[in-house]
Amino acid sequence: MTPKPPLRLHLDTDALVHNWRALDALSGKARAGAAVKADAYGLGAPRVVKALAAAGCRDFFVAYAGEAAQIDGLVDPAQISVLHGPLTADEARFMQARGIRPTINSIEQAQCWLDTGGGACDLMVDTGMNRLGLALSDLGDDLVARLDVEVLLSHLASADEDSPLNAQQRARWIEARAMVPSRGCSLANSAGIVLGEGYHGTLTRPGLSLYGGVPRAELAGTIRQVAYPQATIIQAREVSAGDTIGYNATFTASRAMRIGVVALGYADGYLRCWSGKGMLRSNGTPLPVVGRVSMDMTLIDISAAPHIRAGDWVEADYALPEAAQACGLSQYELLTSLGRRFCR
Ligand SMILES: *Cc1c(COP(=O)(O)O)cnc(C)c1O
(Lines give C-alpha, C1' and ligand atoms only; values in the text may rest on other atoms or scores of the structure.)
Protein backbone atom coordinates (compact mmCIF):
# COMPACT_ATOMS: atom_id res chain seq x y z
CA MET A 1 0.00 0.00 0.00
CA THR A 2 1.38 3.43 -0.98
CA PRO A 3 1.35 5.84 1.97
CA LYS A 4 -1.12 8.69 1.56
CA PRO A 5 0.37 12.15 0.87
CA PRO A 6 0.31 14.64 3.77
CA LEU A 7 -1.29 17.24 1.48
CA ARG A 8 -4.74 17.30 -0.03
CA LEU A 9 -6.58 19.76 -2.22
CA HIS A 10 -10.15 19.66 -1.01
CA LEU A 11 -12.64 20.46 -3.79
CA ASP A 12 -16.02 21.82 -2.72
CA THR A 13 -18.09 20.22 -5.48
CA ASP A 14 -21.29 21.96 -4.35
CA ALA A 15 -19.58 25.35 -4.70
CA LEU A 16 -18.21 24.36 -8.13
CA VAL A 17 -21.69 23.40 -9.35
CA HIS A 18 -23.18 26.53 -7.74
CA ASN A 19 -20.63 28.70 -9.59
CA TRP A 20 -21.35 27.04 -12.94
CA ARG A 21 -25.12 27.44 -12.45
CA ALA A 22 -24.67 31.10 -11.48
CA LEU A 23 -22.49 31.76 -14.57
CA ASP A 24 -24.95 29.85 -16.74
CA ALA A 25 -27.78 32.06 -15.43
CA LEU A 26 -25.68 35.22 -15.95
CA SER A 27 -25.08 34.04 -19.53
CA GLY A 28 -28.77 34.64 -20.29
CA LYS A 29 -29.93 32.91 -23.47
CA ALA A 30 -26.43 31.52 -24.07
CA ARG A 31 -25.34 28.37 -22.26
CA ALA A 32 -22.21 28.30 -20.15
CA GLY A 33 -19.48 25.82 -20.99
CA ALA A 34 -16.36 25.22 -18.90
CA ALA A 35 -12.68 25.86 -19.53
CA VAL A 36 -10.99 22.79 -18.03
CA LYS A 37 -7.53 23.24 -19.56
CA ALA A 38 -4.42 22.77 -17.41
CA ASP A 39 -6.12 19.97 -15.43
CA ALA A 40 -9.09 22.24 -14.66
CA TYR A 41 -6.75 25.03 -13.50
CA GLY A 42 -4.91 22.51 -11.33
CA LEU A 43 -7.94 21.17 -9.48
CA GLY A 44 -8.16 17.82 -11.31
CA ALA A 45 -9.97 17.76 -14.68
CA PRO A 46 -11.67 14.35 -14.32
CA ARG A 47 -13.47 15.18 -11.07
CA VAL A 48 -14.37 18.69 -12.26
CA VAL A 49 -15.73 17.44 -15.61
CA LYS A 50 -17.77 14.70 -13.90
CA ALA A 51 -19.37 17.17 -11.49
CA LEU A 52 -20.13 19.79 -14.16
CA ALA A 53 -21.44 17.25 -16.68
CA ALA A 54 -23.79 15.89 -14.00
CA ALA A 55 -25.01 19.46 -13.40
CA GLY A 56 -25.81 19.86 -17.12
CA CYS A 57 -22.68 21.47 -18.59
CA ARG A 58 -22.28 20.33 -22.20
CA ASP A 59 -19.19 22.14 -23.53
CA PHE A 60 -15.64 21.61 -22.30
CA PHE A 61 -12.55 23.49 -23.46
CA VAL A 62 -9.01 22.16 -23.09
CA ALA A 63 -5.77 23.60 -24.47
CA TYR A 64 -4.10 20.49 -25.94
CA ALA A 65 -5.21 17.27 -27.60
CA GLY A 66 -3.49 15.34 -24.79
CA GLU A 67 -5.72 17.09 -22.27
CA ALA A 68 -8.79 15.98 -24.22
CA ALA A 69 -7.59 12.38 -23.86
CA GLN A 70 -7.55 12.87 -20.07
CA ILE A 71 -11.33 13.51 -20.00
CA ASP A 72 -12.35 11.44 -23.02
CA GLY A 73 -14.77 8.77 -21.76
CA LEU A 74 -16.27 11.07 -19.10
CA VAL A 75 -18.30 13.03 -21.66
CA ASP A 76 -19.22 12.61 -25.32
CA PRO A 77 -16.03 13.55 -27.26
CA ALA A 78 -18.14 15.86 -29.43
CA GLN A 79 -18.53 18.04 -26.32
CA ILE A 80 -14.77 18.67 -26.11
CA SER A 81 -13.02 21.49 -27.96
CA VAL A 82 -9.21 21.73 -28.14
CA LEU A 83 -8.37 25.45 -28.02
CA HIS A 84 -4.86 25.29 -29.46
CA GLY A 85 -6.05 23.24 -32.43
CA PRO A 86 -4.10 20.47 -34.14
CA LEU A 87 -0.40 21.17 -33.59
CA THR A 88 0.56 18.24 -35.86
CA ALA A 89 -1.16 16.04 -38.44
CA ASP A 90 -1.04 13.18 -35.89
CA GLU A 91 -3.04 15.29 -33.44
CA ALA A 92 -5.56 16.10 -36.18
CA ARG A 93 -5.99 12.38 -36.90
CA PHE A 94 -6.30 11.64 -33.17
CA MET A 95 -9.15 14.18 -32.84
CA GLN A 96 -10.85 12.91 -36.00
CA ALA A 97 -10.68 9.31 -34.78
CA ARG A 98 -12.25 10.27 -31.43
CA GLY A 99 -14.71 12.85 -32.73
CA ILE A 100 -13.14 15.68 -30.68
CA ARG A 101 -13.35 19.23 -32.15
CA PRO A 102 -10.22 21.29 -32.64
CA THR A 103 -10.35 25.07 -32.58
CA ILE A 104 -8.76 26.14 -35.85
CA ASN A 105 -6.45 29.09 -35.21
CA SER A 106 -4.68 29.73 -38.53
CA ILE A 107 -4.82 29.02 -42.26
CA GLU A 108 -2.10 26.39 -41.65
CA GLN A 109 -4.29 24.59 -39.11
CA ALA A 110 -7.28 24.79 -41.47
CA GLN A 111 -5.13 23.18 -44.17
CA CYS A 112 -3.91 20.49 -41.78
CA TRP A 113 -7.45 19.71 -40.56
CA LEU A 114 -8.86 19.46 -44.10
CA ASP A 115 -5.88 17.45 -45.42
CA THR A 116 -6.28 14.85 -42.69
CA GLY A 117 -10.01 14.41 -43.34
CA GLY A 118 -11.74 17.44 -41.77
CA GLY A 119 -14.98 17.24 -39.82
CA ALA A 120 -16.72 19.56 -37.37
CA CYS A 121 -14.40 22.13 -35.80
CA ASP A 122 -14.47 25.46 -33.99
CA LEU A 123 -12.86 28.56 -35.45
CA MET A 124 -10.93 31.18 -33.44
CA VAL A 125 -10.89 34.68 -34.88
CA ASP A 126 -8.39 37.20 -33.53
CA THR A 127 -10.20 40.46 -32.77
CA GLY A 128 -7.41 42.37 -31.08
CA MET A 129 -5.46 40.20 -28.68
CA ASN A 130 -2.90 39.05 -31.26
CA ARG A 131 -2.47 35.68 -29.62
CA LEU A 132 -4.16 32.76 -31.40
CA GLY A 133 -6.71 33.00 -34.19
CA LEU A 134 -7.25 33.98 -37.80
CA ALA A 135 -7.23 37.64 -38.74
CA LEU A 136 -10.48 39.04 -40.17
CA SER A 137 -8.60 39.49 -43.44
CA ASP A 138 -8.03 35.69 -43.59
CA LEU A 139 -11.71 34.81 -43.34
CA GLY A 140 -12.35 35.06 -47.09
CA ASP A 141 -9.84 32.25 -47.75
CA ASP A 142 -11.17 29.21 -49.66
CA LEU A 143 -9.89 26.91 -46.93
CA VAL A 144 -12.05 28.71 -44.36
CA ALA A 145 -15.08 28.30 -46.63
CA ARG A 146 -14.49 24.53 -46.65
CA LEU A 147 -14.51 24.21 -42.83
CA ASP A 148 -17.55 22.80 -41.04
CA VAL A 149 -17.66 25.35 -38.20
CA GLU A 150 -19.56 24.48 -35.05
CA VAL A 151 -18.66 27.52 -32.89
CA LEU A 152 -17.05 30.75 -34.06
CA LEU A 153 -14.89 31.99 -31.18
CA SER A 154 -12.96 35.02 -30.22
CA HIS A 155 -11.24 35.89 -26.93
CA LEU A 156 -11.29 39.14 -24.96
CA ALA A 157 -7.97 40.63 -23.87
CA SER A 158 -9.29 42.99 -21.16
CA ALA A 159 -12.67 41.68 -20.02
CA ASP A 160 -11.62 42.21 -16.40
CA GLU A 161 -11.30 45.96 -17.04
CA ASP A 162 -13.64 48.66 -18.36
CA SER A 163 -11.59 49.05 -21.52
CA PRO A 164 -12.73 50.39 -24.92
CA LEU A 165 -11.04 47.28 -26.34
CA ASN A 166 -14.01 45.19 -25.18
CA ALA A 167 -16.53 46.92 -27.46
CA GLN A 168 -13.99 46.99 -30.30
CA GLN A 169 -13.39 43.26 -30.04
CA ARG A 170 -17.11 42.61 -29.86
CA ALA A 171 -17.70 44.63 -33.06
CA ARG A 172 -15.01 42.64 -34.92
CA TRP A 173 -16.43 39.35 -33.61
CA ILE A 174 -19.86 40.34 -35.00
CA GLU A 175 -18.21 41.23 -38.31
CA ALA A 176 -16.53 37.82 -38.40
CA ARG A 177 -19.84 36.07 -37.74
CA ALA A 178 -21.29 37.71 -40.85
CA MET A 179 -18.36 36.35 -42.91
CA VAL A 180 -18.23 32.72 -41.74
CA PRO A 181 -21.31 30.55 -41.32
CA SER A 182 -21.31 28.65 -38.02
CA ARG A 183 -23.87 26.93 -35.82
CA GLY A 184 -22.87 28.87 -32.69
CA CYS A 185 -20.69 31.75 -31.51
CA SER A 186 -18.77 32.54 -28.34
CA LEU A 187 -16.76 35.46 -26.97
CA ALA A 188 -16.92 35.67 -23.18
CA ASN A 189 -14.63 34.18 -20.55
CA SER A 190 -15.63 34.54 -16.85
CA ALA A 191 -15.18 38.31 -16.78
CA GLY A 192 -16.75 38.74 -20.22
CA ILE A 193 -20.02 37.21 -19.05
CA VAL A 194 -20.58 40.24 -16.82
CA LEU A 195 -20.17 42.66 -19.76
CA GLY A 196 -23.75 41.84 -20.77
CA GLU A 197 -25.95 40.13 -23.29
CA GLY A 198 -24.13 41.56 -26.30
CA TYR A 199 -21.07 39.50 -25.33
CA HIS A 200 -22.83 36.16 -24.82
CA GLY A 201 -23.46 34.73 -28.30
CA THR A 202 -24.73 31.17 -27.94
CA LEU A 203 -22.03 29.86 -25.58
CA THR A 204 -19.83 31.35 -22.84
CA ARG A 205 -16.50 29.91 -21.68
CA PRO A 206 -15.89 30.58 -17.99
CA GLY A 207 -12.82 29.10 -16.34
CA LEU A 208 -11.51 31.07 -13.37
CA SER A 209 -14.89 31.88 -11.82
CA LEU A 210 -15.99 28.25 -11.87
CA TYR A 211 -13.09 27.62 -9.50
CA GLY A 212 -13.75 30.54 -7.16
CA GLY A 213 -12.03 33.40 -9.00
CA VAL A 214 -13.54 36.88 -8.96
CA PRO A 215 -12.09 38.81 -11.93
CA ARG A 216 -14.66 41.63 -11.71
CA ALA A 217 -16.38 43.18 -8.69
CA GLU A 218 -19.82 42.30 -10.15
CA LEU A 219 -19.10 38.63 -9.42
CA ALA A 220 -18.23 39.13 -5.74
CA GLY A 221 -20.97 37.73 -3.53
CA THR A 222 -22.03 35.29 -6.27
CA ILE A 223 -18.92 33.18 -6.73
CA ARG A 224 -17.96 30.78 -3.93
CA GLN A 225 -14.56 29.39 -2.97
CA VAL A 226 -13.98 25.92 -4.43
CA ALA A 227 -10.39 24.88 -3.66
CA TYR A 228 -9.02 24.41 -0.15
CA PRO A 229 -5.32 23.46 0.23
CA GLN A 230 -4.79 21.38 3.37
CA ALA A 231 -1.63 19.87 4.86
CA THR A 232 -0.61 18.01 7.99
CA ILE A 233 1.61 19.13 10.84
CA ILE A 234 4.84 17.10 10.73
CA GLN A 235 6.14 18.28 14.08
CA ALA A 236 5.24 20.72 16.84
CA ARG A 237 8.07 22.38 18.77
CA GLU A 238 8.69 24.98 21.47
CA VAL A 239 10.92 28.01 20.96
CA SER A 240 12.06 30.65 23.46
CA ALA A 241 12.14 34.43 23.21
CA GLY A 242 15.10 35.40 21.01
CA ASP A 243 15.17 32.17 18.96
CA THR A 244 15.17 32.62 15.19
CA ILE A 245 13.00 30.60 12.85
CA GLY A 246 13.60 29.16 9.39
CA TYR A 247 16.00 29.98 6.53
CA ASN A 248 17.99 33.18 6.89
CA ALA A 249 16.56 33.67 10.38
CA THR A 250 14.09 36.26 9.12
CA PHE A 251 11.81 35.81 12.15
CA THR A 252 12.85 36.18 15.78
CA ALA A 253 10.50 35.02 18.52
CA SER A 254 9.67 37.87 20.88
CA ARG A 255 8.23 35.43 23.43
CA ALA A 256 8.04 31.71 24.09
CA MET A 257 6.06 30.20 21.20
CA ARG A 258 4.84 26.89 19.83
CA ILE A 259 5.77 26.35 16.22
CA GLY A 260 4.08 23.91 13.86
CA VAL A 261 6.03 22.48 10.94
CA VAL A 262 3.53 22.09 8.08
CA ALA A 263 4.03 19.68 5.15
CA LEU A 264 3.54 22.43 2.58
CA GLY A 265 6.19 24.41 0.74
CA TYR A 266 7.09 26.21 -2.42
CA ALA A 267 7.51 22.90 -4.25
CA ASP A 268 3.76 22.53 -3.69
CA GLY A 269 3.01 25.97 -5.10
CA TYR A 270 2.85 27.61 -1.69
CA LEU A 271 5.39 30.13 -2.91
CA ARG A 272 7.83 32.25 -0.95
CA CYS A 273 5.56 35.26 -1.36
CA TRP A 274 3.62 33.78 1.58
CA SER A 275 6.67 34.09 3.88
CA GLY A 276 5.63 36.08 6.94
CA LYS A 277 2.22 36.74 5.26
CA GLY A 278 0.26 33.52 4.85
CA MET A 279 -2.39 32.30 7.25
CA LEU A 280 -3.30 28.70 8.03
CA ARG A 281 -6.13 27.59 10.25
CA SER A 282 -7.13 24.77 12.53
CA ASN A 283 -10.91 24.71 13.04
CA GLY A 284 -10.99 28.43 12.29
CA THR A 285 -8.16 29.42 14.66
CA PRO A 286 -5.70 31.60 12.70
CA LEU A 287 -2.11 30.29 12.69
CA PRO A 288 0.18 32.79 10.93
CA VAL A 289 3.17 31.80 8.82
CA VAL A 290 6.43 32.77 10.51
CA GLY A 291 9.72 33.14 8.65
CA ARG A 292 10.45 31.89 5.13
CA VAL A 293 8.46 29.26 3.32
CA SER A 294 10.89 26.46 2.40
CA MET A 295 10.66 23.82 -0.32
CA ASP A 296 8.68 21.19 1.55
CA MET A 297 7.75 22.93 4.79
CA THR A 298 6.21 26.06 6.21
CA LEU A 299 6.48 27.12 9.85
CA ILE A 300 3.44 28.51 11.62
CA ASP A 301 2.76 29.97 15.05
CA ILE A 302 0.49 27.47 16.81
CA SER A 303 0.63 29.13 20.24
CA ALA A 304 -3.10 29.86 19.93
CA ALA A 305 -3.92 26.18 19.35
CA PRO A 306 -2.19 24.25 22.15
CA HIS A 307 -4.05 21.04 21.26
CA ILE A 308 -2.33 20.73 17.86
CA ARG A 309 -0.18 17.62 17.40
CA ALA A 310 1.84 16.06 14.60
CA GLY A 311 -0.55 14.46 12.13
CA ASP A 312 -3.27 17.09 12.54
CA TRP A 313 -4.55 18.83 9.40
CA VAL A 314 -4.45 22.58 8.88
CA GLU A 315 -5.89 24.59 6.00
CA ALA A 316 -4.36 27.57 4.18
CA ASP A 317 -6.43 30.74 3.69
CA TYR A 318 -6.96 30.56 -0.07
CA ALA A 319 -10.06 32.59 -1.01
CA LEU A 320 -8.74 33.68 -4.40
CA PRO A 321 -9.49 37.42 -4.56
CA GLU A 322 -8.20 38.03 -1.02
CA ALA A 323 -5.24 35.66 -1.44
CA ALA A 324 -4.19 37.38 -4.69
CA GLN A 325 -4.39 40.74 -2.96
CA ALA A 326 -2.30 39.46 -0.04
CA CYS A 327 0.51 37.74 -1.92
CA GLY A 328 0.72 39.49 -5.29
CA LEU A 329 0.13 36.41 -7.48
CA SER A 330 -2.83 36.41 -9.87
CA GLN A 331 -5.91 34.35 -9.01
CA TYR A 332 -5.01 32.12 -12.00
CA GLU A 333 -1.47 31.53 -10.73
CA LEU A 334 -2.71 30.72 -7.24
CA LEU A 335 -4.72 27.81 -8.67
CA THR A 336 -2.47 26.52 -11.43
CA SER A 337 0.75 26.52 -9.39
CA LEU A 338 -0.57 24.10 -6.75
CA GLY A 339 1.79 21.14 -6.99
CA ARG A 340 1.56 17.48 -7.80
CA ARG A 341 2.00 16.31 -4.22
CA PHE A 342 -1.52 17.36 -3.29
CA CYS A 343 -3.94 14.45 -3.24
CA ARG A 344 -6.76 15.57 -5.55
C1 LIG B 1 -8.68 30.04 -20.59
C2 LIG B 1 -9.65 30.49 -21.57
C3 LIG B 1 -10.96 30.81 -21.17
C4 LIG B 1 -11.39 30.90 -19.73
O5 LIG B 1 -10.98 32.16 -19.23
P6 LIG B 1 -11.22 32.63 -17.70
O7 LIG B 1 -10.66 33.99 -17.65
O8 LIG B 1 -10.46 31.66 -16.85
O9 LIG B 1 -12.68 32.56 -17.44
C10 LIG B 1 -11.87 31.09 -22.18
N11 LIG B 1 -11.50 31.09 -23.48
C12 LIG B 1 -10.25 30.83 -23.88
C13 LIG B 1 -9.91 30.86 -25.33
C14 LIG B 1 -9.28 30.52 -22.95
O15 LIG B 1 -8.02 30.29 -23.35
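Read the numbers this way: they start at 1 and go in the same order the structure lists the ligands and their atoms.
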Would Thr88 and Asp90 count as having a side-chain donor-acceptor pair, cut-off 3.5 Å? no
side-chain contact (heavy atoms from CB on, under 4.5 Å) filter on Asp148, not counting sequence neighbours, yields Ala120, Arg183
Name the residues with a heavy atom less than 4.0 Å from ligand 1? Ala35, Lys37, Tyr41, Leu83, Met124, Arg131, His155, Asn189, Ser190, Arg205, Pro206, Gly207, Leu208, Tyr332
Holding to side-chain contact (heavy atoms from CB on, under 4.5 Å), I want the full list of residues that pass it with Gln235, two or more places apart in sequence or in another chain. Arg237, Val261
Listed by chain and number, what are the side-chain contact (heavy atoms from CB on, under 4.5 Å) partners of Arg224, not counting sequence neighbours? Asp12, Asp14, Ala15, His18, Asn19
So Leu83 and Asn105, do their side chains get closer than 4.5 Å, heavy atoms only? no
Short side-chain donor-acceptor distance under 3.5 Å, Arg58 and Gln79: no
